Chemist: 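Questions regarding the structure given below will be posed in turn.
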Amino acid sequence: MQRNGFLDVGCGVFDYAITKTAAREVQERQCYGADDFGAHDDIHSHYVRFISGYTCAGTSLKTIRRGDPSTFISCPAYDGKQPVQMDIYWKDGCVLDYPSTDEIYPANPLELEDPGSTFCQNLLIENWGKCDNKGVGGNVQVGCLVYDFKATHD
């Protein structure tokens, strides 16, 4: 199926675009393969917690906007000699369902009454802890935001 196009009905031309909307919910976590980034050193839980705190600092003050990579968060770091990276970004082509919006605070992507102070951090930490892949990480999409941890730098 074509995602966009036009239809000539004789008395005019109609343009169309098909978009898939995302619900404001935590979707299934996607884990990287244990060998996706080659051989790697150990990644320590205390460091994952530290770098996730740094990555999520200030996320209740600044939104991530659809189609605006300048608002995306990228935090490359090292656990000893091991490169790691945490990213929070708007999934390309994603549109939120009702209520539709083009910007979200990464600290509270579900717009909960009280998300707690560590919602963002926990998502990133769980990408390391809940993936059985020797600690190389994974990602989870929440609404249109993707929270990603991986044992490499882009």
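Residue numbers start at 1 and run along the sequence shown. What you see is a predicted model; the values in this text were computed from it and never measured.
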Chemist: Keeping the roles fixed (side chain from Q82, backbone from D41), state whether a donor-acceptor pair exists under 3.5 Å.
Modeler: yes

Chemist: Any donor and acceptor pair, going by atom type alone, linking the side chain of N108 with main-chain N or O of E111 inside 3.5 Å?
Modeler: yes

Chemist: If you group Ile, Leu, Val, Met, Phe, Trp and Tyr whenever their side-chain heavy atoms sit less than 4.5 Å apart, what else falls in with V136?
Modeler: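 Reading the cluster by chain and number, V136 sits alongside Y32, F37.
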
Chemist: Salt bridge (Lys or Arg N to Asp or Glu O under 4.0 Å): which pairs involve residues 86-96, sequence neighbours left out?
Modeler: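 Passing the test, one end in residues 86-96: D87-K150.
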
Chemist: Report the residues that fulfil side chain to side chain donor-acceptor pair (under 3.5 Å) with N122, sequence neighbours left out, ordered by chain and then residue number.
Modeler: T118

Chemist: What pairs meet the salt bridge (Lys or Arg N to Asp or Glu O under 4.0 Å) rule with one or both residues in residues 51-76, with sequence neighbours excluded?
Modeler: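 Of all non-adjacent pairs touching residues 51-76, those that pass salt bridge (Lys or Arg N to Asp or Glu O under 4.0 Å) are R65-D68, R66-D102.
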
Chemist: Got a sec, which residues hit ring pair (Phe, Tyr, Trp, His ring centres under 6.0 Å) with F50, two or more places apart in sequence or on another chain?
Modeler: Y47

Chemist: Go through the structure and list residues passing side chain to side chain contact (heavy atoms under 4.5 Å, CB included) with P69, not counting sequence neighbours.
Modeler: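 P69 satisfies side chain to side chain contact (heavy atoms under 4.5 Å, CB included) with F72 once adjacent residues are dropped.
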
Chemist: Y54: what forms a ring pair (Phe, Tyr, Trp, His ring centres under 6.0 Å) with it, not counting sequence neighbours?
Modeler: none

Chemist: List for me each residue that meets side chain to side chain donor-acceptor pair (under 3.5 Å) alongside S52, sequence neighbours excluded, and say none if there are none.
Modeler: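 So S52 forms a side chain to side chain donor-acceptor pair (under 3.5 Å) with Q121.
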
Chemist: Can you name the residues that form a side chain to side chain donor-acceptor pair (under 3.5 Å) with T59, not counting sequence neighbours?
Modeler: none

Chemist: Quick one: closest heavy-atom pair of D79 and H44, and the distance?
Modeler: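 Between these two residues, the closest heavy atoms are OD2-N, 2.7 Å.
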
Chemist: Are the side chain of Q85 and the backbone N or O of D154 linked by a donor-acceptor pair below 3.5 Å?
Modeler: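 Between the backbone of D154 and the side chain of Q85 there is a qualifying donor-acceptor contact (under 3.5 Å).
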
Chemist: Listed by chain and number, what are the disulfide (SG to SG under 2.5 Å) partners of C31, not counting sequence neighbours?
Modeler: C131

Chemist: Could you list the residues that satisfy side chain to side chain donor-acceptor pair (under 3.5 Å) with E103, not counting sequence neighbours?
Modeler: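 By the side chain to side chain donor-acceptor pair (under 3.5 Å) rule, E103 matches T63.
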
Chemist: With sequence neighbours left out, write down each residue that passes salt bridge (Lys or Arg N to Asp or Glu O under 4.0 Å) with D42, or none if nothing qualifies.
Modeler: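 By the salt bridge (Lys or Arg N to Asp or Glu O under 4.0 Å) rule, D42 matches no residue at all.
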
